[in-house]
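Letters A, B, ... are given to chains in the order of the sequence lines, protein chains preceding strands, and every chain is numbered from 1.
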Amino acid sequence: MKAISKFSGRGVYVEGNDIDTDRIIPARFLKCVTFAELGSSLFYDVRFDEEGNSKGHILDAEQHQGAEILISDVNFGCGSSREHAPQAIQKFGLKAVIADSFAEIFHGNCTTLGIPCVTMEKGAREKLSALVEADPEAEITIDLEGLKIICANNIFDINMKDSAREAFLAATYDPLDNLLAASDEIAAIAAKLGYA
Amino acid sequence: MAKNLYQKVWNDHVVRQLDSGQYQLFIALHLIHEVTSPQAFGMLNDKGLSVAYPHRTFATVDHIIPTDDQSRPLADDMAERMIQVLADATEQNNIEFFAPESGSQGIVHVVGPELGLTQPGMTICCGDSHTSTHGAFGCISLGIGTSQVRDVLASQTIAMDPLKVRRIRIEGELSSGVSAKDVILHIIHTLGVNGGVGFAYEYAGSVIENMTMEERMTVCNMSIEGGARCGYINPDETTFEYLKGRERVPQGDAFENEVMKWRSFASDADAQYDDEVIIDAKEIKPTVTWGVTPAQAISIGEVIPDPDLVEGLERNLISDALDYMKLEPNQPIKGTKVDVAFLGSCTNGRLSDFEQVAAVLKGRKVTSSVRAIAVPGSEKVDKAAREKNLHLVFEDAGFEWRKPGCSMCLAMNPDKLIGDETCASSSNRNFIGRQGSPTGRTILMSPLMVAAAAIEGKVADAREVFGLGEL
Ligand code: SF4
């Protein structure tokens with residue numbers, strides 16, 4: 001695990017409020033015992049028809065190939081707790097998500113996997129998506145330390161959950177080693193509560 | 001200082017604060033199933049870790065299991081493999097597994113409570129968002145991702161930010177024909193699908209106090225649909241009465257001691273809340289969804305919303321939802337044709353749901369154009385229903401009575417909508433493609449309303465169809 005404080009990549013705007021995890025990865029793709037193959041199934045039913053032909057979704061547009069930053073709207077990732085959703089996002093090649101707001105379980109899952117979820121106000125988000133649409137090559141720089149996004153000479157304010165930001169900067173977003181370090185305290189609680 | 005239940009249970013289970021500012025929380029009960037958990041065992045193996053407290057984790061299969069032919073190996077190779085991976089992992093790690101035909105298998109959120117594994121004052125996790133169901137017993141019950149399932153297996157803890165608490169009081173008396181499902185659909189419609197982000201919901205008030213445990217579970221089940229991280233109800237005599245004599249609950253004097261402890265978790269009378277919402281029970285009518293989120297709901301007498309009456313992104317949301325649902329604005333939802341009726345799921349797949357429907361179904365028939373299935377939430381529910389001959393009532397009326405599982409709630413098994421079929425469903429999600437067909441349409445409603453739709457072949461008012469009095 002390495003610290004994530006600042007990184008750059010091209011963006012792609014997937015419009016819509018309340019984009020749920022069933023849409024991000026339809027349930028039939030959850031039939032797997034590892035997450036390895038999920039990337040190609042990201043947003044499957046909105047990208048492909050029943051014969052598997054492309055429906056011309058923005059993620060498949062020529063000019064957005066190789067995009068690394070997903071931009072969306074309100075309440076992104078609502079619904080099921082399936083970690084398959086952020087896993088599919090990551091395996092597809094996306095490294096961060098910008099939205100107005102996130103559903104909490106999805107947000108937590110992303111953080112653990114090292115995918116920063118940052119929030120951005122409506123006006124700024126609209127401007128950023130317009131920039132990306134006009135110039136798909138435009139580089140977006142996300143600065144978690146300064147809580148800014150820079151794109152084509154524009155600077156936008158962003159926000160993120162303090163604990164997630166801390167964890168990215170300190171390289172502790174995967175908490176397991178930290179959790180295990182407290183095994184004696186855990187044992188004490190288990191004993192106190194009668195769960196030992 | 002006076003505290004609410006959330007604060008008491010949280011304080012009991014906090015191990016310490018982490019450097020990130022999050023807290024490390026001990027998990028009293030961990031439930032796992034075949035879809036989101038097997039991968040976590042692989043993650044543990046990769047790190048050379050073992051399960052720290054195997055007796056605090058219990059496993060079942062529910063999502064992928066077929067509800068017609070469950071003989072092994074299952075016809076679907078991948079489904080068979082997922083069950084086998086879970087069976088092997090639980091065996092290697094000394095975790096109790098409620099396998100099919102063990103008598104205890106079923107949907108994870110039905111199984112925990114009915115065995116009495118779910119008890120007041122616990123912190124409960126499962127790799128499943130509807131873990132909020134268990135909050136009905138006065139627990140902090142959280143849906144988690146697979147990496148967190150790994151964390152719980154390895155350490156029996158998770159890292160988490162504290163929540164705020166909103167008390168939602170539903171006061172007064174529900175009218176006849178209005179059920180727990182209508183209450184929660186009404187709450188979500190009122191507060192929105194993301195109204196609960198950052199919150200635990202405490203459901204309170206006379207309506208909640210008068211509910212049975214199974215009704216309380218229906219309400220808590222859909223907390224996540226309102227964006228809340230969890231939902232709970234204070235434990236009371238109804239809770240203790242339900243738990244008494246259950247398989248995994250202490251018996252005799254030990255039970256009385258537990259009750260004393262459980263009672264102490266209830267919110268103090270003068271506890272503080274971060275927010276409070278009061279809802280008048282009289283406002284709640286039988287409620288159905290018309291769109292693709294659980295908040296896109298109206299009462300049965302209302303007309304479908306008109307996107308032209310709202311501005312901005314909200315307008316797109318409504319018109320996109322109506323396009324998908326193939327519904328017209330300003331038309332009554334009542335009378336919308338349905339092709340499939342699904343009775344089941346962790347929201348409404350318990351004994352009382354089937355009892356309630358069986359009572360009105362006697363002597364009536366599902367219309368010939370509707371495919372109707374009734375899927376008990378667990379082997380125990382199935383057995384109890386069969387002992388009362390409820391399955392015969394359903395079969396006589398034209399329902400198929402199936403074996404337990406999640407079934408058409410998310411259609412990871414063969415129970416699926418075909419093409420753009422419309423389903424009257426007692427489940428909890430009407431997302432695009434949720435019931436197995438990318439163009440399938442879901443209308444969420446209470447079990448009584450599903451039965452009414454099955455008989456009429458269209459969305460109907462159960463109060464009219466079954467003569468349940470006041471409209
Ligand atoms: S019944 Fe539906 S919501 Fe409940 S656990 Fe199964 S799939 Fe999830």
Show the atom names and distances, to 0.1 Å, of all donor-acceptor pairs under 3.5 Å that link a side chain in residues 160-170 of chain A to residues at least two apart or in another chain.
| residue | atom | partner | partner atom | Å |
| --- | --- | --- | --- | --- |
| S163(A) | OG | D161(B) | OD1 | 2.9 |
| S163(A) | OG | D161(B) | OD2 | 2.9 |
| R165(A) | NE | L144(A) | O | 2.8 |
| R165(A) | NH2 | E145(A) | O | 2.7 |

Toward chain B, the part of H107(A) with a non-hydrogen atom under 4.5 Å: neither
Part of R429(B) within contact of chain A (heavy atom distance under 4.5 Å): side chain
Which atoms form the tightest heavy-atom contact between R150(B) and P175(A), and what is the distance? NH2-CD, 4.4 Å
Give, for atom CZ of F431(B) and atom CD1 of I24(A), the distance between the pair rounded to the nearest 0.5 Å. 10.0 Å
Could you look at T112(A) and say if it's the side chain, the backbone, both or neither that has a heavy atom under 4.5 Å from chain B? side chain
Heavy-atom pairs under 4.5 Å with chain A - which of D320(B), V14(B), L317(B) has more of them than the others? L317(B)
So which of G194(A), A182(A), G79(A), C78(A) has the biggest tally of heavy-atom pairs under 4.5 Å with chain B? G79(A)
Is there side-chain contact between D22(A) and I432(B), with at least one heavy-atom pair below 4.5 Å? no
First locate atom CG of N194(B), then atom OG of S101(A), and finally report the distance between them rounded to the nearest 0.5 Å. 5.5 Å
Specify which of A85(A), A190(A), P86(A), A181(A) makes the most heavy-atom pairs with chain B at under 4.5 Å. A190(A)
D18(A) CG to T293(B) OG1 distance, which is reported to the nearest 0.5 Å: 5.5 Å
Let me know if V74(A) has heavy atoms under 4.5 Å from chain B in its side chain, its backbone, both or neither. side chain
Between atom CD of Q22(B) and atom OG1 of T172(A), what is the distance when rounded to the nearest 0.5 Å? 8.5 Å
Is it the backbone or the side chain of V149(B) that comes under 4.5 Å from a heavy atom of chain A, or both, or neither? neither
In this structure, are over 12 heavy atoms from other groups packed under 6.0 Å from K192(A) atom NZ? yes
Which one of K261(B), R81(B), R229(B) has the most heavy-atom pairs closer than 4.5 Å to chain A? R229(B)
Taking everything shown except E80(B) itself, do over 12 heavy atoms lie less than 6.0 Å from its CD? yes
Can you tell which part of N428(B) gets under 4.5 Å to a heavy atom of chain A, answering side chain, backbone, both or neither? neither
For T21(A), is it the side chain, the backbone, both or neither that has a heavy atom under 4.5 Å from a heavy atom of chain B? neither
If you count every heavy atom of other residues, nucleotides or ligands that lies below 6.0 Å from D19(B) atom CG, does the total exceed 12? no
Does E104(A) reach the main-chain N or O of G198(B) with its side chain, forming a donor-acceptor pair under 3.5 Å? yes
Should the heavy atoms of other residues, nucleotides or ligands under 6.0 Å from CD of Q63(A) be counted, would the total exceed 12? yes
Using non-hydrogen atoms only, which part of A187(A) is less than 4.5 Å away from chain B: side chain, backbone, both, or neither? both
With a 4.5 angstrom heavy-atom cut-off, is it the side chain or the backbone of D184(A) that approaches chain B, or both, or neither? neither
Could you have a look at S80(A), G108(A), S183(A), P26(A) and say which one has the most heavy-atom pairs with chain B under 4.5 angstrom? S80(A)
Please flag which part of L153(B) lies under 4.5 Å from any non-hydrogen atom of chain A: side chain, backbone, both or neither. neither
Do you know which two heavy atoms are closest between G143(B) and I105(A), and how far apart they sit? O-CD1, 3.5 Å
Please classify the contact between F102(A) and chain B as side chain, backbone, both or neither, with a heavy-atom cut-off of under 4.5 Å. backbone
Part of residues 39-53 of chain B lying next to chain A, heavy-atom separation under 4.5 Å: Q39(B), M43(B), K47(B), L49(B), Y53(B)
Would you name the heavy atoms of V33(A) and M78(B) that are closest together and state the gap between them? N-CE, 3.8 Å
Closest-packed option against chain A by number of heavy-atom pairs under 4.5 Å, given T36(B), T157(B), V292(B): T157(B)
To the closest 0.5 Å, what do you measure between CD1 (I186(A)) and CD (Q156(B))? 8.5 Å
For the interface with chain B, which of R23(A), H84(A), Q87(A) has the highest count of heavy-atom pairs at distances below 4.5 Å? H84(A)
Using 4.0 Å as the upper bound for N to carboxylate O, is an ion pair formed by K31(A) and D76(B)? yes
Can you tell me which residue among V35(B), L410(B), D128(B) is in a side chain to side chain contact (heavy atoms under 4.5 Å, CB included) with R82(A)? L410(B)
Under 4.5 Å from any heavy atom of chain B - which part of A188(A): neither
Donor-acceptor pair, distance only, cut-off 3.5 Å: does the side chain of H55(B) make one with the backbone of Y195(A)? yes
Can a donor-acceptor pair be found, under 3.5 Å and without considering hydrogens, that links the side chain of D45(A) to the backbone of P438(B)? no
Honestly, the part of D73(A) sitting under 4.5 Å from a heavy atom of chain B is side chain
Between L30(A) and M412(B), is a side chain to side chain contact (heavy atoms under 4.5 Å, CB included) present by the stated rule, with each step listed? CA-CA 8 Å; L30(A) 311 190; M412(B) 276 189 76; 3.7 Å; yes
Bottom line for N17(A): the part with an atom under 4.5 Å from chain B's heavy atoms is both
So do L18(B) and L179(A) actually touch side chain to side chain, heavy atoms under 4.5 Å? yes
Locate the shortest heavy-atom distance separating S147(B) from L113(A); write the atom from each residue and the value. OG-CD2, 3.8 Å
Can you tell me if N153(A) has over 12 outside heavy atoms packed within less than 6.0 Å of its CG? no
Heavy-atom closest pair, residues E185(A) and V15(B): CB-CG1, 3.6 Å
Min side-chain heavy-atom separation S81(A)-I144(B) under 4.5 Å: no
To the nearest 0.5 Å, atom CD1 of I189(A) lies from atom CD1 of I27(B) at 11.0 Å
